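Taking it in order: structure first as structure tokens, then the write-up.
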Amino acid sequence: MNRASWGSRLGFILAVAGSAVGLANIWRFPYLVGYHGGAAFIILYFICLALIGFPTFIAEILIGRSTQTNPDSAFRQLGGKNWSWGGKLTIITGFIVASFYSAVAGWILGYFIEAALGNLHLFTEPNQVVDYHSTLMNTPWWGVLFHFIFMMGATSVLFFGVRNGIERGNKIMMPLLFVILFLLVAQGLSMPNAKEGLTFLFYPDWSVITPATFLIALSQAFFTLSVGQGTLVTYGSYLKKEENLITSAFPIIIIDTLVSILASVAVFTIVFSTGLKPDAGPDLLFHTLPWAFSQITGGYFLAFLFFLLVTIAALTSEISALEPLIAWLVDEKGWKRTKAVLVAGLGAFCLGIPSALSFNLLKEHTWQDQTFFDWTHWLASDLLIPIGGILAVILVGWKWGADKAINHLMQGASVTFKRSPWLKIYFKFCFKYCSPFLILLVFLSIIGLFR
Ligand code: PFF
């Protein structure tokens, strides 16, 4: 049987952009910027993107494109039998991410329904917003129900396959996402105190930057680019070998970064115009924004559009986190796609239940003061994703060999490399030295070596 592939270059770009653009762009990026010195954080983030994020992103898609198979067998083909474990690990990471990501996205979907019902723009006191949020969070069935509905949404797209499901789904959802985002930015910019919001966003406050901020910027770059979790290898494996990888991948980085910045513009201008500050951490989404929506005319539509935007972004990411396991079950176990989708979706749903319950029923069930959600989130984001990323660059830079890998990268991209000969040096330097070294440094500091 022929292996699945993308129908067009645009399909690939939108699918990978759909994976990349998610909660980390629209929720996490604005509050990180709000907390860590505005433009100072953005500059740090750009450095992480250029030296680590982009090369790792390219390395993973390249692994997939040149082997045309799932991460397990891709790692085996390029690195030998022992490397298969690395590939399997990235698939497991994607699966774990899919579980808690859906639990969190479930709240967003739930909030979208609340917004649609007209419940998120009529608060008359800030306390009401906080109470409303904690009532919902303290209702166990609410989180689990929306976690389930969200997972159903993701699996129903996946059922239809790579071209008719993932590609078509992203071709519909991503343009919708851009339209909503532009509407929100336009609205934000037309608000009375928009300038203050923009100043806060684009003024670099270096005084709050510490070495830890660098780690946060890097983990943000990794998580938002969907690096280290089998997704990019798998999506790359559906790409035809003659595609120009550089000109296909570069727009994705631009889209992802632009969405993060535009989402921050929308959030900051709206929040500032109501006299609030966007430095509330994760509560930005559930406390600050609904309060801001209650202060302005058109709050109903803004709340509706905003939570729709975040739901769509999360859905296209969730789909991509599940796909590596599905591809593995189909390629390695010979399963039918429908069975693979069902098992992967059901498995991620079940593993996500304790995460969804970590904020109510299982709140007191902690280990070393951390809930189940905290542990799975830490395990995947801080431990497994950097490991997956470093394995991919070491595989490409050392085991497969940087020169050979770059030759493969040049397939379909010879014109680009001729036009920009420095690209060869850049990739060789990053694949071999810069990215592995920096990821290792980050990893060691995450596990507490430099404390
Ligand atoms: N890149 C997504 C985001 O920015 O929210 C997160 C994500 C997607 C993580 C896909 C993992 C994954 F496999």
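Both counts, for ligands and for their atoms, begin at 1 and track the order of listing. The model shown is predicted, which means the values in this text are computed figures rather than measured ones.
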- Message: Taking H408's backbone N and O only, do any of them form a donor-acceptor pair with R65's side chain (distance below 3.5 Å, no angle check)?
- Response: yes

- Sequence neighbours excluded, the answer for side-chain contact (heavy atoms from CB on, under 4.5 Å) partners of S84 is D72, R76, K88

- Message: K363: which residues meet the salt bridge (Lys or Arg N to Asp or Glu O under 4.0 Å) condition with it, sequence neighbours left out?
- Response: none

- Item | D382: partners by salt bridge (Lys or Arg N to Asp or Glu O under 4.0 Å), with sequence neighbours left out | none

- Message: As a test of reading the model: which residues have a non-hydrogen atom less than 4.0 Å away from ligand 1?
- Response: S19, A20, G22, L23, A24, N25, V97, Y101, F223, T224, S226, Q229, T231, S317, S320, A321

- Message: Tell me whether the rings of H133 and Y111 are parallel (<30°), tilted (30 to 60°) or perpendicular (>60°).
- Response: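 Aromatic pair H133/Y111 classed perpendicular.
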
- Item | Lys/Arg cation over aromatic W335: K333, 6.0 Å, 45° cone | no

